[in-house]
Amino acid sequence: MYCWGANSHGQLGLGFSSEMCECPQQVESLPFDPRQIAAISAGGGHTLITLDTTGDVYCSGWNHRAQLGLGHTEDVCRFTLVGKYGFSSISCGWDVSGAISNERDVYLWGSNVWHQVGNRCEKYLSVPTKLALPNGTKAKKVCFGLRHTCILTEDGKLLLLGKTKWLQNEDIQPSVHGGVEFYEMGFTEPITNVASGENHLVIQLGQGRIVCVGDNKFGQCPKESELNRDQCQLVKQLESGWSHSGYLANDGRVYLWGRNNYRQLGVATDGDHSEPVLLDVESKVEKFCLGSQHGLALAVDGLYTWGWNEHGNCGTGGVENVTSPTRIEALVNIREIAAGAGFCWALKKM
């Protein structure tokens, strides 16, 4: 298991804190077998890992709002057992965390300053806590913006918690369930996937169309006609950074749009892009991740990074921003990747 980038809160699990790790390095002294890792998620300054054989959840990093789920608010710089929860998926936000259980229930913990984890009486939840959804609804996915939580339900609805003023021009319906205020996005067709930026959403609808809603200061919410030029193109994956987003098509091509001040779109030209641009890599992409302002793509011929690099989060051995996708030669035979706000993870095949 390899990591690089910002480690100011011990989020890389190396046993110490540091401003940056400029080159990928292997994490030693793990309390679990890395071959058993089922999923890894990275947030503003913390990391969560689940294991496939036991359902155990481990954490490391920033914990000022109890986003590690350990029952306290002290940072942890080595991976520590959160519990045996058996979550089927996990997700990290800036200072919050979430998961979905095998029974399709939602669990949230961490910051609640904006009521983004549901409990209106607490500033944070220090352990994974089940959130009851309206009408006994079950969940398919949970993801986070800077001050909000998105829950995609199994019946194709999108529920939001937290600060939603950036959606004031959209059709959202408020409701209260169990003392928690939910906001439901109004779409006539089912939603199949969602990714959240700082203050915008990328939504895939049942007919395969992609729409963006929310803040558009940097072109992160293009017109629907720009996002759906090729009606035959199937979308395999949606991702979003703070103010830029993208999707991976079934043919292995990645398209990005939005803010480009740190070249987070992988193009060297100045200016933001309100229309999708093709990521220039040499082979078919299998998976990609977007940090706050940088990117990571796992392609057939290797691992590529680009964008903001202040903390060495592009893994190139320096801190100069990377203007176009650059292959990290030291990392080969990779099976899984993850990107936090300013740090990255890569898991090798065993």
Side-chain angles (χ1 to χ4, degrees), residues 41 43-44 46 48 62-69 85 87-101 103-187 190-204 211-215 221 238 240 242 245 341:
S41 182
H46 69 294
L48 292 177
W62 199 22
N63 197 33
H64 72 308
R65 293 290 182 184
Q67 57 264 46
L68 296 185
Y85 288 96
F87 293 142
S88 60
S89 66
I90 51 174
S91 180
C92 293
W94 177 252
D95 52 7
V96 293
S97 300
I100 296 177
S101 70
E103 294 75 29
R104 315 312 292 171
D105 293 319
V106 176
Y107 287 75
L108 298 175
W109 62 100
S111 177
N112 195 42
V113 174
W114 302 97
H115 309 306
Q116 63 267 54
V117 297
N119 188 324
R120 301 184 67 85
C121 300
E122 305 290 342
K123 289 186 177 180
Y124 59 81
L125 295 181
S126 63
V127 296
T129 303
K130 181 179 175 180
L131 176 69
L133 300 183
N135 304 314
T137 304
K138 296 299 183 178
K140 180 179 179 181
K141 182 177 182 179
V142 59
C143 61
F144 303 98
L146 184 60
R147 300 182 181 94
H148 65 270
T149 299
C150 305
I151 300 170
L152 176 60
T153 68
E154 285 193 326
D155 57 356
K157 300 183 184 301
L158 183 59
L159 303 176
L160 304 177
L161 293 81
K163 189 174 182 180
T164 58
K165 288 184 177 180
W166 46 276
L167 282 173
Q168 58 186 342
N169 296 324
E170 304 297 332
D171 179 18
I172 57 174
Q173 303 297 323
S175 64
V176 177
H177 177 73
V180 177
E181 190 168 27
F182 292 89
Y183 301 89
E184 182 179 337
M185 293 292 301
F187 287 95
I191 298 170
T192 59
N193 200 1
V194 62
S196 181
E198 181 180 7
N199 287 311
H200 77 282
L201 301 175
V202 186
I203 297 169
Q204 186 175 4
V211 296
C212 293
V213 296
D215 183 22
C221 288
L238 289 182
S240 187
W242 276 356
S245 302

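Computed from a prediction, not measured in an experiment: that's the story for all the values here.
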Given side chains that start at C-beta, do those of [X] and [Y] come closer than 4.5 Å, heavy atoms only?
X: H148; Y: W166; result: yes
X: L131; Y: L161; result: yes
X: I151; Y: L160; result: no

Closest non-hydrogen atom pair, [X] against [Y]:
X: D215; Y: H200; result: O-CB, 3.8 Å
X: L125; Y: L108; result: CD1-O, 4.0 Å
X: L133; Y: A139; result: CD1-CB, 4.3 Å
X: A66; Y: Y124; result: CB-CD1, 3.6 Å
X: C143; Y: S91; result: CA-OG, 3.8 Å
X: L159; Y: P134; result: CD1-CD, 3.9 Å

- [ ] Return yes if a side-chain donor-acceptor contact under 3.5 Å exists between N135 and T137, otherwise no.
- [x]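 Looking only at side-chain atoms, T137 and N135 do not form any donor-acceptor pair under 3.5 Å.
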Task: S97 and H46: side chain donor to acceptor below 3.5 Å - done: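 Note: S97 and H46 side chains meet the donor-acceptor criterion.
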Open item on the list: Working note: D95 + R147, criterion side-chain contact (heavy atoms from CB on, under 4.5 Å); need CA distance, chi angles, decisive distance, verdict.
Closed with: CA-CA 9 Å; D95 52 7; R147 300 182 181 94; over 6 Å; no
Task: Contacts of E181 that satisfy salt bridge (charged side-chain N to carboxylate O under 4.0 Å, His left out) - sequence neighbours left out - done: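 Counting only residues at least two positions away or on another chain, E181 forms a salt bridge (charged side-chain N to carboxylate O under 4.0 Å, His left out) with R120.
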Task: Residues which pass salt bridge (charged side-chain N to carboxylate O under 4.0 Å, His left out) with K141, listed by chain and number, not counting sequence neighbours - done: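 None.
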TODO: With side-chain contact (heavy atoms from CB on, under 4.5 Å) as the test, would you mind laying out the steps for K123 and R65 before giving the verdict?
DONE: CA-CA 8 Å; K123 289 186 177 180; R65 293 290 182 184; 4.2 Å; yes
Open item on the list: Among residues at least two apart in sequence or on other chains, which ones pass ring-ring contact (aromatic ring centres under 6.0 Å, His included) with H64?
Closed with: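 So H64 forms a ring-ring contact (aromatic ring centres under 6.0 Å, His included) with W62.
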